[in-house]
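Everything below concerns the one structure shown next.
Side-chain atoms are counted along with the backbone in the values below, which use heavy atoms only and exclude waters and symmetry mates. A quick note: this is a predicted structure, and the numbers were derived from the prediction, not measured. Below, chains carry the letters A, B, ... as their sequence lines are ordered, and counting in each starts from 1.
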Amino acid sequence: MKRYNPSEIEPKWQRIWADDARYRADNESTKPKYYITGMFPYPSGAGMHAGHFMEHSIVDAVARFRRSLGYEVLYPMGWDSFGLPAENYAIKTGKTPQETTATNIANFKNQLQRVGASIDWSREINTTDPEYYRWTQWIFTKLFERGLAYQKDSLQWWCPKDKTVLANEQVIGGRCWRCEEVVVKKPMKQWFFKITEYADQLLEDIPALDWPEKIKSAQINWIGRSEGAEITFQIAEQLESGASEENITVFSTRPDTIFGATFLVLAPEHSLARHLAVGDARSAVLAYIDEAVKKSDIERTNDNKDKTGVFTGSYAINPATGEKVPIWIADYVLGGYGTGAVMAVPAHDERDFAFAEKFELPIIKVVERPETDSGVDSCYHGEGVLVNSGAFNGTRSEDAREQIVAWLEQEGRGTPKVTYKMRDWLISRQRYWGAPIPIIHCPEHGAVPVPARDLPVLLPEVRDFQPRGDGKSVLAAQEQWIQTTCPVCGGPARRETDTMDGYACSSWYLLRYTDPHNNEQAWDPTVTNYWAPLDMYVGGDHATAHLLYVRFWTHVFRDLGLTDFAEPVHKLVYHGLIQAEDGRKMSKSLGNVVDPLEVIDAGYGADALRTFELFLGPIDENSSWSSRGIAGVYRFLNRLWTLVQEFDDWRNDSQAVESTAVTHLDSVVHATIKKVTGDIHRLSFNTAIASLMECVNDLYKLKTQGFSNDWQQALEKLIQLVQPFAPHMAAELWQQLGHNDQLDFVDWPQWDDAKIISDTRVVVVQVNGKLRATLEVAQEISDTDIKQLALDDDNVRRYVKTEPKKIIIVKGKLINIVV
RNA sequence: GCGCGAGUGGCGGAAUUGGUAGACGCGAGGGACUUAAAAUCCCUUGACCAAAAGUCGUGCGGGUUCGAUUCCCGCCUUGCGCACCA
């Protein structure tokens with residue numbers, strides 16, 4: 001009898017799987033395909049912790065399950081390896097990002113191999129590989145040609161001391177988060193992807209996605225579609241300083257409240273803001289604008305609720321009432337949303353109300369609060385009947401919405417309009433470690449995309465990664481690299497020196513996996529249409545960033561004729577986090593990280609680790625690591641192992657006697673097959689593993705009757721069921737029971753309902769819904785007989801003294817006697 | 001503030017369509033084996049009651065139903081996402 005020793009059997013099987021490239025996916029297969037993977041990792045220096053392994057435990061279990069069901073499974077892996085951490089690490093250590101990235105990838109790959117993930121390594125990809133980013137760049141040029149990649153001047157945060165651009169989140173209280181220098185805003189020309197053009201399509205496709213509600217609603221929220229109208233307010237006075245416009249256009253979702261619009265508010269960034277400042281107010285307005293523009297968005301929203309603003313001295317005409325209304329500037333209006341200007345209706349909008357109260361502006365009620373509404377606030381934002389609204393008095397606000405817009409449209413003062421919260425995707429990065437934007441700036445022809453034949457635009461190797469300080473990436477110092485010729489006219493031209501956001505690289509990798517070695521094109525549509533879209537995509541991050549971008553790009557690919565499908569992922573599995581044993585997030589700085597290789601090497605092995613991660617709880621909820629819990633799972637695997645050893649010893653013992661007393665063996669095993677199969681289908685791994693444990697416990701009890709030859713098949717089936725969770729042990733035991741074939745591809749066991757059913761069943765007897773007895777009755781018993789048996793039961797009789805009013809029978813399960 | 005989840009023993013969790021609440025695991029208690037310990041195996045384990053019988057029990061308060069962890073209404077707590085988006 002062999003002891004269970006994972007440190008011996010796991011390397012053995014990992015070697016076998018690697019040697020015969022067992023998990024290579026075949027493009028030409030005649031089997032049905034199943035394409036599954038997890039979100040590819042960023043290969044950091046820290047390596048993966050036990051929490052990261054959750055994703056691979058899920059993907060590998062499903063991949064192995066699907067293989068057994070007869071699918072051709074594609075489970076690839078790759079590396080999202082461009083990005084800031086590698087670059088910062090390079091600055092600190094003097095190593096190049098190329099070197100550190102290679103080291104980290106080797107480490108990650110080793111970790112994945114040591115858990116026995118059934119990955120097709122022949123399809124490994126790496127976003128920093130020029131053969132990969134060549135096509136990222138090619139896609140950029142395609143977007144550019146379609147008008148979906150464009151340049152725009154926008155304000156960026158700039159730290160004069162660190163000489164670098166900062167993200168909004170890196171500006172705290174107007175100061176740099178690193179050196180606390182006061183930051184300034186600097187206008188910079190940046191590259192954007194026009195995701196807003198796909199806002200409606202991305203929104204419309206959401207209901208049909210087999211994705212968690214949580215993610216779907218996060219995306220709906222993020223896109224933030226609002227239906228309303230743009231309404232034009234004429235400026236009352238002639239503007240002195242030659243402003244380009246004489247009108248102010250506002251966006252409103254409540255055009256029905258226009259009769260209550262008692263003032264206008266413009267964002268400080270509004271193009272007319274300075275021009276409107278007249279008379280005594282002028283200097284105060286200009287000061288306010290300067291101050292507001294300096295504040296970060298975070299400050300402007302977090303300083304919150306306490307409204308600030310200034311009156312410009314100018315007025316506009318409310319197109320509905322004809323009244324003059326004052327024009328204010330206030331930073332509670334956002335420059336980047338709608339038109340950057342709003343009509344303020346203080347009676348029916350809380351923000352406008354707070355502002356009006358503070359600055360003593362008129363408040364006119366135009367929607368009557370229904371009597372059924374119990375609220376008493378002086379500001380009411382619900383629906384109701386219009387008042388103080390001229391010809392529209394008495395109209396319901398829902399109806400008035402359309403009627404008023406129609407009327408304004410007739411007058412040439414308004415038009416229906418849909419607006420989105422989502423902004424275009426800013427993809428320029430002034431950092432080194434990214435894919436160069438494949439654009440050549442020609443004095444004659446402007447921004448020209450690099451032709452496909454000249455791709456990739458290689459990232460030059462440099463020595464100094466420190467950002468230079470003039471708002472450009474270190475590539476701007478590579479004068480030789482920059483100088484080139486215009487692809488259109490052949491004249492001298494200069495390369496774009498910004499790199500692309502890493503999210504660009506990860507927006508198409510799922511398609512590259514299907515055809516990773518293609519050096520003629522990004523992918524062959526025939527191959528890609530065979531594998532993609534993904535049947536299952538597993539991850540626990542990026543609800544609105546990556547998962548929105550990858551949908552956006554795939555929609556574009558479809559429109560370009562590069563794919564047949566617009567949605568890249570059929571089913572999304574969004575798993576929870578595994579927190580540390582102390583209930584906090586696992587992190588290096590907290591010192592609570594569980595290293596998976598240490599767990600494996602401590603003797604538990606990869607099988608116990610994987611099984612435990614899936615046993616912790618439902619995969620979509622957070623859970624906490626438990627060093628005691630993994631011992632419990634290890635105990636279970638050990639019990640299964642021992643059981644097979646004991647059977648094997650019996651089998652090989654020539655003196656062994658076959659027991660004739662064995663009962664229920666089939667019933668136990670077939671019930672387990674049924675339960676485990678159903679549970680894996682619905683991704684309820686914790687209950688699948690629980691029923692495997694239950695099955696082993698039951699077999700220990702049956703074992704006391706002695707073994708028989710029937711046990712061979714029973715144990716084989718059990719081993720097959722365990723395989724998705726503990727593949728090394730399963731392979732070893734399979735071999736020990738006399739098989740030389742590959743367990744991975746052996747058909748998943750079938751159950752037979754007839755074998756599960758026993759001669760008797762348990763029926764619960766309730767009186768008035770309370771449990772009073774349980775009866776063991778024959779399988780085929782009639783309702784009449786059940787009723788009689790129930791009523792004859794001693795304990796039931798104590799509660800049923802009179803003729804029952806009603807008797808409810810749930811076939812084969814329960815009888816409830818109502819008295 | 002808005003949106004989406006969640007709340008069940010000492011702990012992680014189960015109950016798939018409204019039908020025995022607490023599967024499975026951890027922990028705890030007891031026993032077997034052992035010189036002893038570890039490991040292993042067996043039994044017990046929601047609360048109250050000596051126990052049978054029973055009563056109570058799924059965040060709180062109502063409701064629908066023969067029957068509610070499950071459905072409905074109103075709260076509380078908590079996680080996540082968005083957040084002055086007009």
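- Residue contacts shown for Lys214(A) are limited to sugar-phosphate atoms, with no base heavy atom under 4.0 Å away.
- Of the candidate nucleotides rU16(B), rG5(B), rA86(B), rG5(B) has the atom lying nearest to any side-chain atom of Glu213(A).
- For the pair Lys358(A) and Phe355(A), the cation does not sit on the ring face, since its NZ or CZ is not both under 6.0 Å from the ring centre and inside 45° of the axis.
- The same atom, C1', is picked in rG81(B) and in rG27(B); the two are 36 Å apart, to the nearest Å.
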Open item on the list: Assess the residue pair Tyr4(A) and Thr642(A) against the criterion (side chain to side chain contact (heavy atoms under 4.5 Å, CB included)); give the C-alpha distance rounded to whole Å, side-chain angles, the decisive distance to 0.1 Å, and a yes or no.
Closed with: CA-CA 8 Å; Tyr4(A) 175 44; Thr642(A) 306; over 6 Å; no

Task: Structure string for RNA chain B in dot-bracket form, Watson-Crick and G-U at under 3.5 Å, | interchain - done: (((((((..(((......[....)))((((((.......))))))(((.....)))..(((((..]....))))))))))))....

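- Taking the ring centroids of Tyr503(A) and His542(A), they lie under the 6.0 Å cut-off.
- Using a 4.0 Å cut-off between a side-chain N of Lys or Arg and a carboxylate O of Asp or Glu, Arg628(A) and Glu581(A) do not qualify as a salt bridge.
- When all heavy atoms of Ile578(A) and Trp625(A) are compared, the closest pair comes out as CG2-N, 3.9 Å.
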Open item on the list: Using the rule given for side chain to side chain donor-acceptor pair (under 3.5 Å), can you reason through Thr760(A) versus Glu776(A), listing the C-alpha separation, both sets of side-chain angles and the distance that settles it, and then say yes or no?
Closed with: CA-CA 6 Å; Thr760(A) 60; Glu776(A) 194 170 353; 2.8 Å; yes

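- Checking each of Val538(A), Leu547(A), Leu209(A), Asp210(A) against Leu572(A) for a side-chain contact (heavy atoms from CB on, under 4.5 Å) leaves exactly one that passes, namely Leu547(A).
- Pairs engaging residues 795-812 of chain A under the side chain to side chain donor-acceptor pair (under 3.5 Å) rule: Arg772(A)-Tyr799(A), Asp783(A)-Lys811(A), Asn795(A)-Arg798(A) [sequence neighbours left out].
- Separating the P atom of rC73(B) from that of rC26(B) is a span of 41 Å, rounded to the nearest Å.
- Of the side-chain N and O atoms in Ser226(A), one or more sit less than 4.0 angstrom from OP1 or OP2 of rA86(B).
- The separation of rG57(B) from rG18(B), taken at their P atoms, amounts to 23 Å, rounded to a whole angstrom.
- Across rA86(B) and rA15(B), the matching C1' atoms stand 47 Å from one another, rounded to whole Å.
- Within 4.0 Å (heavy atoms only), Arg3(A) reaches no atom of the nucleic acid at all.
- Going from the P atom of rA14(B) to that of rA53(B) covers 30 Å, rounded to whole Å.
- Around atom NZ of Lys417(A), no more than 12 heavy atoms belonging to other residues, nucleotides or ligands sit under 6.0 Å away.
- One interatomic measurement links the two molecules: NE2 of His575(A) to P of rG79(B), which rounds to 21 Å at whole-angstrom precision.
- Contact check for Met343(A) versus Asp352(A): no side-chain heavy atoms found under the 4.5 Å cut-off.
- Within the nucleic acid shown, Lys701(A) comes within 4.0 Å of sugar-phosphate atoms alone, with no base atom in reach, counting heavy atoms only.
- At a cut-off of 3.5 angstrom, the base of rC84(B) holds at least one donor-acceptor pair with the side chain of Lys307(A).
- Among all heavy-atom pairs drawn from Ile258(A) and Pro319(A), the shortest one is CD1-CG, 3.9 Å.
- Residues that satisfy the salt bridge (Lys or Arg N to Asp or Glu O under 4.0 Å) test with Lys216(A), not counting sequence neighbours, are absent from this structure.
- Listed by residue number, Val764(A), Gln766(A), Lys770(A) are the residues of residues 763-770 of chain A with a heavy-atom contact under 4.0 Å to RNA chain B.
- Counting to the nearest Å, the P atom of rC84(B) and the CZ atom of Phe251(A) are 16 Å from each other.
- Nucleic acid contact class of Thr253(A) (heavy atoms, under 4.0 Å, all strands): sugar-phosphate only.
- Taking the P atom of each, rG13(B) and rG29(B) are spaced 24 Å apart, rounded to whole Å.
- Rounded to whole Å, atom C1' of rG19(B) lies 14 Å from atom CZ of Arg761(A).
- For the segment residues 806-819 of chain A, residues with any heavy atom less than 4.0 angstrom from an atom of RNA chain B are, sorted by number, Lys806(A), Ile808(A), Val810(A), Lys813(A), Leu814(A), Asn816(A), Val818(A).
- At the heavy-atom level, Ala218(A) lies under 4.0 Å from the strands shown only through sugar-phosphate atoms.
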Open item on the list: Counting primed atoms plus P, OP1 and OP2 as sugar-phosphate and everything else as base, spell out the protein contacts along nucleotides 23-29 of chain B at 4.0 Å heavy-atom distance: B, S or - for each nucleotide, 5' to 3'.
Closed with: BBSSS--

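- Checked against a 6.0 Å centroid threshold, the rings of Tyr634(A) and Trp641(A) do not count as neighbours.
- Residue contacts for Pro212(A): at a heavy-atom cut-off of 4.0 Å it reaches no nucleic acid atom on any strand shown.
- Annotation: rU64(B) and rU55(B) have their P atoms spaced 23 Å apart (nearest Å).
- Put simply, Tyr332(A) has no side-chain N or O that comes within less than 4.0 Å of OP1 or OP2 on rA86(B).
- Within 4.0 Å of Arg798(A), counting heavy atoms only, lie sugar-phosphate atoms of the nucleic acid but no base atom.
- In this structure, Tyr799(A) reaches the sugar-phosphate backbone alone: every heavy-atom distance under 4.0 Å involves primed, P, OP1 or OP2 atoms, never a base.
- We find that CG of Leu547(A) is positioned 13 Å from P of rC82(B), with the value rounded to whole Å.
- Across all strands shown, Asn795(A) has heavy atoms under 4.0 Å from sugar-phosphate atoms exclusively, and none from any base.
- Set against rU16(B), rA14(B), rA86(B), the side chain of Leu334(A) has rA86(B) as its closest nucleotide.
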Task: Candidate pair Glu383(A) and Ser397(A), rule side chain to side chain donor-acceptor pair (under 3.5 Å), full reasoning - done: CA-CA 6 Å; Glu383(A) 305 289 355; Ser397(A) 50; 2.5 Å; yes

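- For the C1' atoms, the distance from rG22(B) to rG12(B) is 13 Å, rounded to whole Å.
- Nearest nucleotide to the side chain of Asn221(A), out of rC42(B), rC4(B), rC82(B): rC82(B).
- Distance CZ/Phe615(A) to OG/Ser626(A): 10.5 Å, rounded to 0.5 Å.
- Relative to the side chain of Asp331(A), the nucleotides rC84(B), rC41(B), rC43(B) differ in distance, and rC84(B) lies closest.
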